[in-house]
2 protein chains.
Amino acid sequence: MIQNLNKHERESLHEALAKSGQKITPQREIVYTVLLAQRDHPTVDEVYHRALETMPGLSLATVYNCLETFVGCGLVRQVNHERESTRYCPNLAPHAHFRDESTGRVHDIELPKEILDQLTKILPANFETETIEISFQGRTKSSTQN
Amino acid sequence: MIQNLNKHERESLHEALAKSGQKITPQREIVYTVLLAQRDHPTVDEVYHRALETMPGLSLATVYNCLETFVGCGLVRQVNHERESTRYCPNLAPHAHFRDESTGRVHDIELPKEILDQLTKILPANFETETIEISFQGRTKSSTQN
DNA sequence: ATTGAGATTTTGAATCATTCTAAACGGCTA
DNA sequence: TAGCCGTTTAGAATGATTCAAAATCTCAAT
Ligand SMILES: [Mn+2]
Ligand SMILES: [Mn+2]
Ligand SMILES: [Zn+2]
Ligand SMILES: [Zn+2]
């Protein structure tokens, strides 16, 4: 069910790990593969269960470890909504998140650079931003449920 | 140390509770008073300890209950950053939050209506927004630490 | 003013995502 | 082959939040 990483994806992974002095392991490859295979912002537990199908002995703690490593490398972003379990997103482009309250699903929303620029302008002069998070919450209303 | 509610504030509280069919209690008045007294986005535990000084028998569960009630009424907003304890904010104007990583403090950032409008425009047509959360993360760099 | 139904508060236990600990493992180098 | 050091693993610990059940309070109706 889960495809392997393509050349470019494998390269991103290896490069990011190498850059921060960490090793390539089968667990890390599988966890990253799972994230890329289905970009639905899975929780740790969801990643864990998907990865188990490929690597039956994998432990939950390792999934926590791998994801934390990826976040540290800048390979993956954490996505939080309210007090729910943390979700993970391998989309590195600047984007916002829309969380559909009726399905629980989280969608990526492309974020024009223009808006990001405007946002940093509303801050007092001495506030230096490192990250900005924008999250929408609502419902999708089309008849053909996406 | 903690002032009482003024006429307007007491009215907001009573009105919001009445509107959603809930009762006025001393605990609710004190918790709301604590929130208005120091607008630093306290956690439940911080609210609890501040309120204890006025009402020694108060229980932590009640503080959770009161704050949940206020959020349900629309009197107060929850503010989440990463996986930290939830914080509470009685500022009902549309605003973003800036979290200073060096001090842990959370500041309100006024949010021009213009930007909110632009933000809703980046969503696909069938996405109906109920709430938007914008949070900055970074540091304040002035010599006179604010 | 009194009463009673229903809401609220309280205590302590339960939940559950996440983190921690310590032991086992694995690849690499000397 | 032996040692090094980062990684993985299982299980315990943590900590914010929620829950359950009994005691108490509030307020509308009398
Ligand atoms: Mn939030
Ligand atoms: Mn976040
Ligand atoms: Zn995303
Ligand atoms: Zn605020």
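Naming convention: chains lettered A, B, ... in sequence-line order (proteins, then strands); numbering from 1 in each chain.
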Just how far, in rounded Å, is [atom2] of [N] from [atom1] of [X]?
X: Asn65(A); N: dA10(D); atom1: CG; atom2: P; result: 12 Å
X: Leu58(B); N: dC25(D); atom1: CG; atom2: C1'; result: 15 Å
X: Glu29(B); N: dT8(C); atom1: CD; atom2: C1'; result: 14 Å
X: Arg28(B); N: dT8(C); atom1: CZ; atom2: C1'; result: 7 Å
X: Tyr48(B); N: dA16(D); atom1: OH; atom2: P; result: 14 Å

Please tabulate, one pair per line, each protein N/O and nucleotide N/O from nucleotides 27-30 of chain D that are separated by under 3.5 Å, including the distance.
residue: dC27(D); atom: OP1; partner: Ile24(B); partner atom: N; Å: 3.3

For Arg99(A), is there an ion pair with Glu84(A) - N to carboxylate O distance below 4.0 angstrom? yes
Strictly below 4.0 Å, N to O, side chains only: are Asp108(B) and Arg77(B) in salt-bridge contact? no
Listed pairs, N/O of protein and of nucleotides 14-22 of chain C, under 3.5 Å:
residue: dT18(C); atom: OP1; partner: Thr86(A); partner atom: N; Å: 3.0
residue: dT18(C); atom: OP1; partner: Thr86(A); partner atom: OG1; Å: 2.9
residue: dT18(C); atom: OP1; partner: Arg83(B); partner atom: NH1; Å: 3.4
residue: dT18(C); atom: OP2; partner: Tyr64(A); partner atom: OH; Å: 2.9

Mark yes when over 12 heavy atoms from residues, nucleotides or ligands other than Glu130(B) sit less than 6.0 Å from its CD; otherwise mark no. yes
Phosphate oxygens OP1/OP2 of dT9(D): is one of them under 4.0 Å from a side-chain N or O of Gln27(A)? yes
Does dT9(C) have its OP1 or OP2 closer than 4.0 Å to a side-chain nitrogen or oxygen of Thr62(B)? no
Below 30° counts as parallel, above 60° as perpendicular, anything between as tilted: where do the rings of His97(A) and His41(A) land? perpendicular
Pick base, sugar-phosphate or nothing for Pro26(B), based on heavy-atom distances below 4.0 Å to the nucleic acid. sugar-phosphate
Could you give the distance from CD (Gln27(B)) to OG1 (Thr62(B)), rounded to the nearest 0.5 Å? 6.0 Å
